[in-house]
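Here is how names work: the chains are called A, B, and so on, in the same order as the sequence lines, proteins then strands, and each is numbered from 1.
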Amino acid sequence: MAVELFLDLFSQPCRAVYIFAKKNNIPFEFRRISLMDGEHFGEEFGKINLMRKVPALRDGDFYLAESIAIMIYLAEKFETPDFWYPTDIRQRARVNEYLSWQHQGIRTHSSKVFWLRVMIPMVMGVEVPKEKMDAALEDLNSSLKLIEEKFLDDRPFIAGDQVSLADIVAIVEIMQPVGSGLDVFQGRLKLSAWRDRVQAAIGKELFDEAHQAILGAQENVKLLDPTVLQASKSKILRYFM
Amino acid sequence: MELYLDLISPPCRSVYLFATAVGIPFEFKLVELLEGKQYSEEFGKLNIVRKIPVLKDGSFILTESTAILMYLVQKCSSAVADHWFPANLQQRARVNEYLSWQHLNLRTHCAKVFLLKTLYPFAMGSEVPKEKMDAALDDMKQSLDLLEEKFLLDKPFILGDNISLADLVAVVELMQPLGSGVNSLESRPRLMAWKERVKKKLGEELFDQAHQKLLEAKGLQQEIQNSPHLQKLQPVFVKLFR
């Protein structure tokens, strides 16, 4: 049986795994877990991943969570081209450095901006205080600045001359606020040029396909059943506000 | 090779413990966090993110403890036993899975408890609201529960029979709340036993020495309140708690 990937393309780390697997023609079965329908709370999915998060991988009787671990596992199992996760010690270190920094460095902020702009006001009907929104935007802006200054600097891609896992993981996070109607690329020439290069390296068709759900988010969330999030309401508000 | 560290910081401890335990020679460069040295102009040239640990190997500068640990494993492969970061695909994936998960879970939650106790009063000019502290303790409990129920279970170490980078990175984070008077191991005999096993594998004396600064920081909260160096950093710290 082929590798199964449990994904919802609404989620940044799911998009990264999806893009990487598709780009490298890695055979897999797409198992959709709809977060908005609360499918990750189902009994079946709890057996796949105790932490009830996507993405998740099942390869025979081997189960794996965490997008970064999944991508590295796929890269090594399917022997993808070296540049994705270079064997050169310094280049690999640069990729690992970004993959580590990004959890708190950008992922937290891009998720927060999306929730504060879309999910909390539009789906949960809760007003977001201006100072919370401003703080979240400030953090996001600082992160984007760091990506330009430190992680890109004068290089075409994060690890150097070629695209790597770091660029995929970076771009899917940056696209999350874009899905909330915020054009973070505007006024950021270096970031925009890098985005164009990453899109070309991945393939525009694949990139667009992966981002279809999130870019349609503002429209799609209007169709959501708000009661799905009701159970987690206090937890969500405590986490983001 | 230089390692820029302050052992009050958990990721600095993991890098320090690993390099020392496996015998990788390095020069210890202290970056005193309580004096705000990470905000000095000099340190900014080394790392614009203004965080530690930082590795400097010739002209190569590397940040992020997990990246540094993997770099050391790869560079000193002949000196580093396989169990630390196994070559076996699935076992390595298990280490990567833990190292990824822990950033926004155990690390964030244990750090928050520690920071609320030691830094909040200084940054915000008042005691920590009970609600905030309870929420932080609850988050920490959930991460510790997952550490036990998903990652460790009944195995001696996270990967099984032997210690790996996962145990090292976990243990230093778990120790942090103890530096602020919160016993993360309370009523958790399984984690206590695991911690003792990890300590033994690293070397008990080395483990204690690495944690000395954290555990002997009596009145850390007071020290922070009184520190002249930290006065001007107060607005920076406010951001941590908003």
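Between B:Lys141 and B:Asp145 there is a salt bridge, with a side-chain nitrogen of the basic residue lying less than 4.0 Å from a carboxylate oxygen of the acidic one. At a threshold of 4.0 Å, the pair A:Lys190-A:Glu148 does not count as salt-bridged, since none of the basic side-chain nitrogens sits closer than that to a carboxylate oxygen.
The candidate from B:Leu62, B:Val49, B:Leu55 with the greatest count of non-hydrogen atom pairs under 4.5 Å with chain A is B:Leu62. Heavy-atom pairs under 4.5 Å with chain A were tallied for B:Leu99, B:Leu104, B:Ile48; the largest tally goes to B:Leu104. Chain B forms the most heavy-atom pairs under 4.5 Å with one residue out of A:Asp59, A:Ile68, A:Asn96, and that residue is A:Asn96. Considering only heavy-atom pairs separated by less than 4.5 Å from chain A, the leading option among B:Arg107, B:Lys51, B:Glu64 is B:Glu64. Ranking A:Asp139, A:Thr108, A:Ile89 against chain B, the residue ahead of the rest is A:Ile89, based on heavy-atom pairs under 4.5 Å. Between chain B and the residues A:Arg92, A:Arg107, A:Arg94, the most heavy-atom pairs under 4.5 angstrom are made by A:Arg94. Most heavy-atom pairs under 4.5 Å with chain A: of the set B:Val95, B:Asp139, B:Leu89, this distinction falls to B:Leu89.
Both the backbone and the side chain of A:Leu64 come within contact range of chain B, with heavy atoms under 4.5 Å apart. When heavy atoms are compared at a cutoff of 4.5 Å, A:Lys145 does not approach chain B at all. Heavy atoms of B:Asp138 lying under 4.5 Å from chain A belong exclusively to its side chain. Using a 4.5 Å cut-off between heavy atoms, B:Lys239 contacts chain A through its side chain alone, with no backbone atom that close. For B:Asp57, the part lying under 4.5 angstrom from a heavy atom of chain A is the backbone only. If you measure heavy-atom distances from A:Arg90 to chain B, the contacts under 4.5 Å come from both the backbone and the side chain. Interface residue B:Leu146: only side-chain heavy atoms are found under 4.5 Å from chain A. Contact annotation for B:Glu131: neither backbone nor side-chain heavy atoms come within less than 4.5 Å of a heavy atom of chain A. Of the two parts of B:Leu69, neither the backbone nor the side chain holds a non-hydrogen atom closer than 4.5 Å to a non-hydrogen atom of chain A. Looking at A:Thr87, only its backbone comes within 4.5 Å of chain B, counting heavy atoms on both sides.
Taking the six-membered ring for Trp and the full ring otherwise, B:Tyr71 and B:Phe60 have centroids separated by under 6.0 Å. Checked against a 6.0 Å centroid threshold, the rings of B:Phe18 and B:Trp84 count as neighbours. Taking the six-membered ring where the residue is Trp, the centroids of A:Phe30 and A:Tyr18 are separated by under 6.0 Å. In this structure, the ring of B:Phe237 has its center no less than 6.0 angstrom from the ring center of B:Tyr120.
At most 12 heavy atoms of other shown residues, nucleotides or ligands fall within 6.0 angstrom of atom CG in B:Asp161. At most 12 non-hydrogen atoms from other residues, nucleotides or ligands lie less than 6.0 angstrom from CG of A:Asp161. Few gaps surround NZ on B:Lys155; more than 12 heavy atoms of other groups in view lie less than 6.0 Å from it.
A cation-pi arrangement, defined by a distance under 6.0 Å to the six-membered ring centre and an angle within 45 degrees of its axis, is absent between B:Arg92 and A:Tyr73.
Using modelled atom types, one finds a donor on one side chain and an acceptor on the other under 3.5 Å when comparing A:Gln104 with B:Thr108.
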